Amino acid sequence: MRRFLPLALPLLLPACNAGAPTPEPTPAPTESPAPPTDTAARPKPLPLKTFGDWAAGCDNGATCQAGSLVPDDSTPPALTLSIERAAGPDGSVTIRLRGEAPALPLTAQVDGEAVARGGTAHDDTTELTGEPALALARKLANGGTVTIVDAAGRALATLPLKGAAAALRWIDAQQGRDGTTGALVARGPRPDTRPAPALPGVRAPVIRGESALLDPLLVTQMRAAAKCDTDDLPDATTKPLGDGQTLAIVPCTVGAYNVLSALSVVTRGAAVAATFDAPPAGDAPDEQSLVFNAVFADGILTADALARGLGDCGVKQRYAWDGSRFRLIEQREMEQCRGNIDYIRTWTARLIR
């Protein structure tokens, strides 16, 4: 008798697998995004502009700011007002008030007309954001004065708007918005599409370790090398820089509102003058490389060069220590000594750690 079983098996196997799910293809491996890199860009802070009773400026990332100034021969108001516009399509608008904190919600009136209402307290400022801030910024360009009224109906300050329209129009041009729907002043039919510029990156290590003790003779030598004053100077201070290095901040000259210090990097008892990728601001004598009001914490050096005691003009800088030198990651300036302490940012970089 003939057997047919071997021939039947191939016919049965496909029938058994007819309902089995089709295996999904194995996804191709994806590459991890490259870590941010140090772009080694040379800092180039941008210049400020003055328009009547308003100052204006932008940073390298196209974030721009305009700020009110006290008119010449006028009594400073209780508040100053600054308008900051972020870069990129439909960049956000923030309006900051500095000075006497208003009871909230505040009302902003342009030529007596209420334009914006609200406000949020932030440390030493009061801010308006979103649509109220945008509406107020656009209205300022067509007004003569802006008055800030607190929740009780008390007028805290009236600020002149001479130059505000020109300052905001200049900001529109710097951000590539003139003639677009997103402009503050120079509005037109074109879409607001210009992207924000990429920011440079500065890589800086997280600093660990302890600072070394300074030999008094070494401090004397550093002061002599920096041509410091000889009398009534504060003590030198030290901060760790990692990898066996210590930052020595050696006061050289003391004024009414500025302390100028020589900065050195000390390694195994030897001191070398600290170096910078952008020079510290201020009017130190030509033969001296000094830093104004130096403070170092968490790897960041803050240097504030004040042009007068009120602090309404000068240059404020922040540097990151990258292991070998100080790198400028932010610079803010106010050229006009006219009552506004909300300095305008003229340079910024991403800190990479």
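Note that the structure is predicted; figures quoted are calculated from it, not measured. Heads up: numbering here begins at 1 and tracks the sequence.
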**OP:** Assess whether atom CD of Gln221 is packed by more than 12 heavy atoms of other residues, nucleotides or ligands within 6.0 Å.
**Re:** yes

Original post:
Could you go step by step and tell me if Leu301 and Val295 meet the side-chain contact (heavy atoms from CB on, under 4.5 Å) rule?
Top reply: CA-CA 6 Å; Leu301 173 68; Val295 176; over 6 Å; no

Original post:
Is there side-chain contact between Val146 and Leu140, with heavy atoms separated by less than 4.5 Å?
Top reply: yes

Subject >> Glu127, Gln65, His122 screened by side chain to side chain donor-acceptor pair (under 3.5 Å) with Arg96, the one that passes >> reply: Gln65

**OP:** Answer yes or no: is there a donor N or O on one side and an acceptor on the other, between the side chain of Gln175 and the main chain of Ala62, under 3.5 Å?
**Re:** yes

**OP:** Determine, using the 4.5 Å side-chain heavy-atom cutoff (strictly less than), whether Met334 and Trp170 are members of one ILVMFWY cluster.
**Re:** no

Original post:
Closest approach of Gly311 and Tyr343, non-hydrogen atoms and distance?
Top reply: O-OH, 2.9 Å

Subject >> Heavy-atom side-chain proximity of Pro102 to Leu156 below 4.5 angstrom >> reply: yes

Subject >> Contacts of Arg98 that satisfy salt bridge (Lys or Arg N to Asp or Glu O under 4.0 Å) - sequence neighbours left out >> reply: Asp124, Asp342

Original post:
What do the steps show when you test Ser324 against Asp322 for side-chain hydrogen bond (donor to acceptor under 3.5 Å, both in side chains), and what is the final call?
Top reply: CA-CA 6 Å; Ser324 61; Asp322 72 354; 3.2 Å; yes

Subject >> Closest non-hydrogen atom pair, Thr63 against Ala87 >> reply: OG1-N, 3.9 Å

Original post:
What distance do Cys58 atom SG and Lys49 atom NZ have between them, rounded to the nearest 0.5 Å?
Top reply: 11.0 Å

Subject >> Pairing of Lys162 and Asp53 as salt bridge, 4.0 angstrom limit >> reply: no

Subject >> Pairs where residues 254-282 contributes a residue and the test ring pair (Phe, Tyr, Trp, His ring centres under 6.0 Å) is met, not counting sequence neighbours >> reply: Phe276-Tyr319, Phe276-Phe326

Original post:
How long is the span from the OG1 atom in Thr147 to the CG atom in Leu106, to the nearest 0.5 Å?
Top reply: 12.0 Å

**OP:** Heavy atoms only: give me the nearest Gly67-Ser82 pair and the separation to one decimal.
**Re:** CA-OG, 3.9 Å

Subject >> Donor on one side chain, acceptor on other, Asp304 and Thr302, under 3.5 Å >> reply: no

Original post:
Under 3.5 Å, is there a donor-acceptor pair between the side chain of Asp215 and the main chain of Leu217?
Top reply: yes

Original post:
Do other residues, nucleotides or ligands put more than 12 heavy atoms under 6.0 Å from the CG atom of Leu213?
Top reply: no

**OP:** Identify whether Phe51 and Leu46 are in the same connected component of the hydrophobic contact network (ILVMFWY, side-chain heavy atoms under 4.5 Å).
**Re:** no

Original post:
Can Val250 and Ser261 be said to form a side-chain contact (heavy atoms from CB on, under 4.5 Å), step by step?
Top reply: CA-CA 5 Å; Val250 182; Ser261 299; 5.8 Å; no

**OP:** I would like to know whether Ile329 and Ile300 meet side-chain contact (heavy atoms from CB on, under 4.5 Å); could you show each step before the answer?
**Re:** CA-CA 9 Å; Ile329 59 172; Ile300 303 298; 3.9 Å; yes

Original post:
So, Trp54 side chain and Pro160 main chain: donor-acceptor pair closer than 3.5 Å or not?
Top reply: yes

**OP:** Check for a donor-acceptor pair, side chain of Thr50 on one end and backbone N or O of Ala55 on the other, with a separation under 3.5 Å.
**Re:** no

Subject >> Side-chain (Arg138) to main-chain (Ala183) donor-acceptor, under 3.5 angstrom >> reply: yes

**OP:** To the nearest 0.5 Å, tell me how far Leu184 CG sits from Leu168 CG.
**Re:** 5.5 Å

Original post:
Do the non-hydrogen side-chain atoms of Val266 and Leu218 ever get within less than 4.5 Å of each other?
Top reply: yes

Original post:
Given Val149 and Gln109, is the side-chain contact (heavy atoms from CB on, under 4.5 Å) satisfied, shown in steps?
Top reply: CA-CA 8 Å; Val149 181; Gln109 301 175 348; 3.9 Å; yes

Original post:
Is there a donor-acceptor pair under 3.5 Å between the side chain of Asp178 and the backbone N or O of Ala186?
Top reply: no

Subject >> Short side-chain to backbone donor-acceptor contact, Asp312 and Gly339, under 3.5 Å >> reply: yes

Original post:
For the residue pair Pro234 and Arg223, what are the closest heavy atoms and their distance?
Top reply: O-NH2, 2.7 Å

**OP:** Would you confirm whether Asp38, through its side chain, and Ala40, through its main-chain N or O, come within 3.5 Å as a donor-acceptor pair?
**Re:** yes

**OP:** Could you state whether Ile83 and Val70 fall into the same hydrophobic cluster, counting links through intermediate Ile, Leu, Val, Met, Phe, Trp or Tyr residues with side-chain heavy atoms under 4.5 angstrom apart?
**Re:** no

Original post:
Is it true that a side-chain atom of Thr246 and a backbone atom of Pro240 form a donor plus acceptor pair closer than 3.5 Å?
Top reply: no

**OP:** Taking all non-hydrogen atoms of both residues into account, name the closest pair between Leu233 and Thr253 and its distance.
**Re:** CD2-N, 4.0 Å

**OP:** Give the cluster check for Val110 versus Ile95: same hydrophobic cluster or not, with ILVMFWY residues linked at side-chain heavy-atom distances below 4.5 Å.
**Re:** yes

Original post:
Could you state the interatomic distance from OG1 (Thr346) to CG (Asn60), rounded to the nearest 0.5 Å?
Top reply: 8.5 Å

Original post:
Would you call Leu128 and Leu136 a side-chain contact if the rule is heavy atoms closer than 4.5 Å?
Top reply: yes

**OP:** Side-chain contact test, heavy atoms from C-beta onward, threshold under 4.5 Å: evaluate it for Gln331 versus Pro43 and give yes or no.
**Re:** no

Original post:
Would you call Arg345 and Glu84 a salt bridge, taking side-chain N to carboxylate O under 4.0 Å as the test?
Top reply: no

Subject >> Side-chain H-bond candidate by donor/acceptor type, Thr238 with Ser211, under 3.5 Å >> reply: yes

Subject >> Residue pair Leu290 / Cys252: nearest heavy atoms and the distance that separates them >> reply: CD2-SG, 4.0 Å

**OP:** Kindly say whether Leu328 contributes a backbone atom to a donor-acceptor pair with the side chain of Asp277 at under 3.5 angstrom?
**Re:** yes

**OP:** Taking the side chain as every heavy atom from C-beta outward, state whether Gln174 and Ile171 have any pair of such atoms under 4.5 Å apart.
**Re:** no

Original post:
Is Arg268 atom CZ crowded by more than 12 heavy atoms from other residues, nucleotides or ligands, each under 6.0 Å away?
Top reply: no

**OP:** May I ask you to check whether over 12 heavy atoms, not counting those of Lys139, lie within 6.0 Å of atom NZ?
**Re:** no

**OP:** Could you tell me whether the side chain of Trp321 reaches within less than 4.5 Å of the side chain of Gln245, counting heavy atoms only?
**Re:** yes

Subject >> Thr193, Asp192, Asp172 screened by side chain to side chain donor-acceptor pair (under 3.5 Å) with Arg177, the one that passes >> reply: Asp192

Original post:
How many angstroms lie between CG in Leu306 and SG in Cys313, if you round to the nearest 0.5 Å?
Top reply: 8.5 Å

Original post:
Quick one: does Leu351's side chain get under 4.5 Å of Arg353's, heavy atoms only?
Top reply: yes

Original post:
Looking just at side-chain N and O atoms, do Thr94 and Thr129 make a donor-acceptor pair shorter than 3.5 Å?
Top reply: no

**OP:** Look up atom CD1 in Ile207 and atom CZ in Phe296, then write down how far apart they are to the nearest 0.5 Å.
**Re:** 4.0 Å

**OP:** Tell me whether Leu161 is reachable from Val115 by hopping between hydrophobic residues (I, L, V, M, F, W, Y) whose side-chain heavy atoms are closer than 4.5 Å.
**Re:** yes

